[in-house]
Trainee: 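Please find one structure pasted underneath; my questions will follow.
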Amino acid sequence: MAFNRTQRPYRGPRRTEREPLPNRVENTAVHSPTLVLFVLMATIGVLGYTWFLLNPDNRGDWLPYALVITAEFVLVTQALVSMWTILSGGRDPRDFSFHHAQERLFDGESVDEHNLEDHPQYWPMMLEEQPVGVDVFITVYGEPVEKIRKTVVAALAMRGEHTTWILDDGRSDVVRDLAEEVGARYVRRLSSNGAKAGNINHALTLSNGEYFAIFDADFVPEPEFLYETVPFFVDEKLAFVQTPQAYGNMHNLISRGAGFMQSVFYRFIQPGRNRFNAAFCVGTNVIFRRTAINDVGGMSTDSKSEDVWTSLRLHQAGWKSVYIAVTLATGDAPETIEDYTKQQLRWASGGFEILMQSNPLSPRVRLTADQRLQYFVTATHYLVGITPLLLLMVPPLEIYFDLRPVNLTVTWLTWALFYLGFYGLQILLAFNTMGSFRLETLVMATVSFPIYIRAFINVFAGREQKWHVTGGSAKRSSPFNFIIPQVLVFLFLVLTSIVGVYKDYMHQTLTLATGWNLTNTIVMGVFIIAALREPRAMRLAASRNEADARDAEEEREASSGRARLNPYFGRAEYLTVRPDAEPALAGRRADADIPTATATATATATDPTLTYPTRRSLK
């Protein structure tokens, strides 16, 4: 990579406040006037449907009416707050101070002095004329080694000098060897106390960078991650910068449904929360200020959802957060029903824990009014996932017992008009914001209620939620081990549809209840078919992964003579291929008592908690 003197990214032209650097913006829809129009229309639709439901003249039988009112109250409340948050998302958090810091982030004089132009991963970083130390933590817990390799190699290659660590709670010798091979530092704990949060807290006792980034093992960072996030820390009250979770494996019903379900949150909700200083951490693709975490006693280990709990404590302590809707790491959405179930169970448990253990509306919680509302919506969000069960039961009540949610004087056409004013405009809003409406999202939202009910019961009863990673390498179970409630509900809906069609045939009329129930049956059926197909799809995927792993291993063996990426272990090889850099780098190595690969291997045999010294401790 060669730059002329005016284009060097580590010493680019200085901009004035009138000529800021162009922003990297992916989500232009959030600034669109059309979005405002659709949100206002959807809000009117929500209010109109609410008026229709609450009108006493429209009330039907109490049981189905109560089910509908309960479900729609949750949905309408969440929809109104979400739309308000979306409308608040037009402000870009990158102000002049950010751009000013970003222009001066890389220490151009040091880059020139040490001839590091072609090695951006070694470019020293500066904030307010002070050197910046960044540790990059990659948390590992049994993921496939090839998946870990991609993430670690990408992390090592990020622009800006940093130290990459593999935090291996899976205690895998293969991962340890991988760390040595690619040049990352390796940490293995004696226990798994505190799960992922405990793993990070342990690493913080071994490292000393002023900032630390976190990536899950399956999230591959972009080279400019540090360049786009570190400049925000010129604000001394900023605790963390969060970036989106983007997925690159959306090739089946489960992964597409799981991925698209998160899209609105990452593209519109989180940006809107910047205005209220309520954007929270999602556990990966995030960078923290160490002093902020120290201020709240480390990453929260009281929950398996350490991300949102840590965010809550930071906001209570007066720290600030920033979210930028720029994809700086790409990972994997859950591909199997087992992974999806465990992921959603963990996330929902974290939300319900906040609701029951630290209710944001409580006066004892030190938050602003805006933050209270945003955290309350987060804590109650997964109640939305329970509402489909209530609505699924409404048509059978009419088919079996002639119980209706609305008065008989209300025609199905009148009901449909108000219903479309709510859901129809929601779908139009989805088209406007996402470019399309994804049926996979509807399917997954409809069938996931057993997961959220279980999470609610677990939290209410105080049951411990076991930690699971998404896409681990553990032996797979049958998907039907995780969807017994869904299968039973599907069989019930099939039977109800048969009864409904028979009754309509006898009365020579098609009722809304039968049509509604048939629709629900089809949606559940799509999910059951996906479950039937999953074992074969997983076998084919495993075969492809094994073949890819063999090819990668052969490639590594063929290239074993090339220079390695390790900035310390590979330094001698680096000096060989870059003679012009030898004086400066040789000087650095002479100042540092850098361990050798052999010494590290010896330490591994005697001490299961293995670390390499940090860059700063070596100086």
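Because the structure is predicted, anything quoted here is derived from the model rather than measured. This chain uses plain numbering: 1 for the first residue, then up along the sequence.
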Trainee: Of Val230, Thr229, Leu328, which meets side-chain contact (heavy atoms from CB on, under 4.5 Å) against Val241?
Mentor: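 Per the side-chain contact (heavy atoms from CB on, under 4.5 Å) rule, the option paired with Val241 is Thr229, out of Val230, Thr229, Leu328.
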Trainee: Test Ser300 against every option in Thr310, Ile293, Asp307 by the side-chain contact (heavy atoms from CB on, under 4.5 Å) rule and name the one that passes.
Mentor: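 Answer to the side-chain contact (heavy atoms from CB on, under 4.5 Å) test with Ser300 among Thr310, Ile293, Asp307: Thr310.
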Trainee: Could you state the interatomic distance from NZ (Lys237) to NZ (Lys320), rounded to the nearest 0.5 Å?
Mentor: 9.5 Å
Trainee: Using a 3.5 Å distance criterion without hydrogens, assess whether the side chain of Asn199 forms a donor-acceptor pair with backbone atoms of Leu167.
Mentor: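 Confirmed, Asn199 side chain pairs with Leu167 backbone.
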Trainee: To the closest 0.5 Å, what do you measure between CZ (Phe225) and NE2 (His162)?
Mentor: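 Rounded to the nearest 0.5 Å, the CZ-NE2 separation comes to 10.5 Å.
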Trainee: Between atom OG of Ser311 and atom CD of Gln371, what is the distance when rounded to the nearest 0.5 Å?
Mentor: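 These two atoms lie 11.0 Å from each other.
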Trainee: Have Thr85 and Gln374 got a donor and an acceptor in their side chains that come within less than 3.5 Å?
Mentor: yes
Trainee: So how far is it from Glu228 CD to Met158 CE, rounded to the nearest 0.5 Å?
Mentor: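 Rounded to the nearest 0.5 Å, the CD-CE separation comes to 12.5 Å.
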Trainee: Nearest 0.5 Å, please: how far is CZ in Phe137 from CD1 in Ile166?
Mentor: 13.0 Å
Trainee: Counting only pairs under 3.5 Å, give me each side-chain donor-acceptor contact of residues 280-291, with atom names and distances, residues two or more places apart or in other chains.
Mentor:
from, atom 1, to, atom 2, distance (Å)
Thr284, OG1, Asp216, N, 2.8
Asn285, ND2, Pro244, O, 2.9
Arg289, NE, Leu238, O, 2.8
Arg289, NH2, Phe233, O, 3.1
Arg289, NH2, Asp235, O, 2.6
Arg289, NH2, Leu238, O, 3.4
Arg290, NE, Gly209, O, 2.7
Arg290, NH1, Leu204, O, 2.9
Arg290, NH1, Ser207, O, 3.4
Arg290, NH2, Ser207, O, 3.0
Arg290, NH2, Ser207, OG, 2.8

Trainee: Out of curiosity, Glu335 CD to Arg256 CZ, how far, rounded to the nearest 0.5 Å?
Mentor: 11.5 Å
Trainee: Which ring pair (Phe, Tyr, Trp, His ring centres under 6.0 Å) pairs, counting each pair once, include a residue from residues 294-322, with sequence neighbours left out?
Mentor: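 Qualifying pairs: His315-Tyr375.
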